[in-house]
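Just follow the structure's listing: the first ligand is 1, and inside any ligand the first atom is 1. The basis for the numbers below is simple: all heavy atoms, side chains too, and nothing from hydrogens, waters or symmetry mates.
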Amino acid sequence: MIFTAGFTALAFAFASAASAQMTIQVGAEASSQGGIFQYTPNTISAPNGTVVTFQFSGAPGNHSVTQSSFTDPCNPLAGGFDSGWLFLSAAATPVPEWNLTITDDTKPIWFYCKQLSPSPHCGAGMVGAINAPTTGNNTFAAFQKAAVAFKGASGQGVGALVGVGASASADIGPIPSGATLFGTPSTANPTATSPSTGSGTTSHTSGTTTSATTTHTSSASSLGASFLSMAMAAILGITFA
Ligand SMILES: *[C@@H]1O[C@H](CO)[C@@H](O)[C@H](O)[C@H]1NC(C)=O
Ligand SMILES: *[C@@H]1O[C@H](CO)[C@@H](O)[C@H](O)[C@H]1NC(C)=O
Ligand SMILES: *[C@@H]1O[C@H](CO)[C@@H](O)[C@H](O)[C@H]1NC(C)=O
Ligand SMILES: *[C@@H]1O[C@H](CO)[C@@H](O)[C@H](O)[C@H]1NC(C)=O
Ligand SMILES: [Cu+2]
């Protein structure tokens, strides 16, 4: 009985310590169900610490992952994250990817593709959500409907690596031959990733996110440590029983 409880707690500690990884494909083939202009899947649930890997696999393609808001689906959110555009002439390996770590799972994270050519991708429904409510008014379906209803050119502003509720630490990579990266956030907003330089809102945002990341890391490692000591205790318990 004691050992069963111990192992249950141990399994729980392990699940909490492990940082999950999820994958979203950016763009698709013309022959794909749903066409070129989509993220697959376009809505996921991802707790704090999850690394969401956006794989730019849709070829040919020229897409972005740009944070927006429920109320304004096709314009960049102030202080939001942005991958920049990745152009792919044909399927390439290795697949260029962008890792976005979830830092706040208590609020929905909305994003869109800001490419306008050949027609605005956002208006074609190329939007996605992380931790969107599944009931009520602010569902992913309602967000996508608002994106499709959006008229005019979607916002082209270049965001930062660090966004609201999620952040990346590097640009899309690797860039194989046949692929080109445009409007990289690390170049456009270099201070956004460095808490020691820059000033104002950007610096504040990045400072907050950095400390959140640090907190997460240390809580993850203390969970790791408790996992180890519990594992040790369980092993010793069994050994000496
Ligand atoms: C990809 O999109 C960016 C941003 O719209 C644009 O500057 C670039 O020329 C495009 N690349 C190609 C090869 O179409
Ligand atoms: C995730 O992180 C946010 C921001 O630090 C925090 O408010 C929230 O409670 C965390 N979620 C969980 C489930 O711990
Ligand atoms: C949802 O939208 C409806 C119609 O616009 C509105 O009457 C209702 O108050 C909204 N519900 C919430 C929880 O905001
Ligand atoms: C994304 O994360 C994965 C898993 O940790 C790693 O193998 C990969 O190199 C990362 N890619 C980039 C571009 O940072
Ligand atoms: Cu796109």
Here the N/O/S atom of His121 closest to the Cu ion (ligand 5) would be ND1
Given side chains that start at C-beta, do those of Tyr112 and Pro76 come closer than 4.5 Å, heavy atoms only?
-> yes
Does Gln115 reach the main-chain N or O of Ser117 with its side chain, forming a donor-acceptor pair under 3.5 Å?
-> yes
Thr53 vs Gln55 side-chain heavy atoms within contact, under 4.5 Å = yes
Do Gln25 and Ser57 have side-chain N/O donor and acceptor atoms under 3.5 Å apart?
-> yes
Taking heavy atoms and a distance under 4.0 Å, where does Gln115 meet ligand 1: side chain, backbone, both or neither?
-> side chain
Can you figure out which of Asn99, Thr23, Thr53, Val51 has its heavy atom closest to atom 10 (C) of ligand 4?
-> Asn99
For the Cu ion (ligand 5), what is the closest N, O or S atom on His63?
-> ND1
Rounded to 10°, how many degrees is the angle SG/Cys113-the Cu ion (ligand 5)-SD/Met126?
-> 110°
Please check if the distance between the ring centroids of Phe54 and Phe111 is under 6.0 Å.
-> yes
Under 4.5 Å between any side-chain heavy atoms of Val65 and Val26, yes or no?
-> yes
Heavy atoms, side chains only, cut-off 4.5 Å: are Phe87 and Pro60 in contact?
-> no
Who's the nearest protein heavy-atom neighbour of atom 8 (C) of ligand 4, and how far?
-> Glu97 OE2, 3.4 Å
What atoms of ligand 1 come closer than 4.0 angstrom to any heavy atom of Asn62?
-> 1 (C), 2 (O), 3 (C), 8 (C), 10 (C), 11 (N), 12 (C), 14 (O)
Which atoms of ligand 4 have any heavy atom of Gly173 under 4.0 Å away?
-> 13 (C)
Do you see a protein non-hydrogen atom under 4.0 Å from atom 4 (C) of ligand 4?
-> no
Residue, atom name and distance, where the atom is the protein heavy atom closest to atom 7 (O) of ligand 1 | Phe182 CD2, 3.8 Å
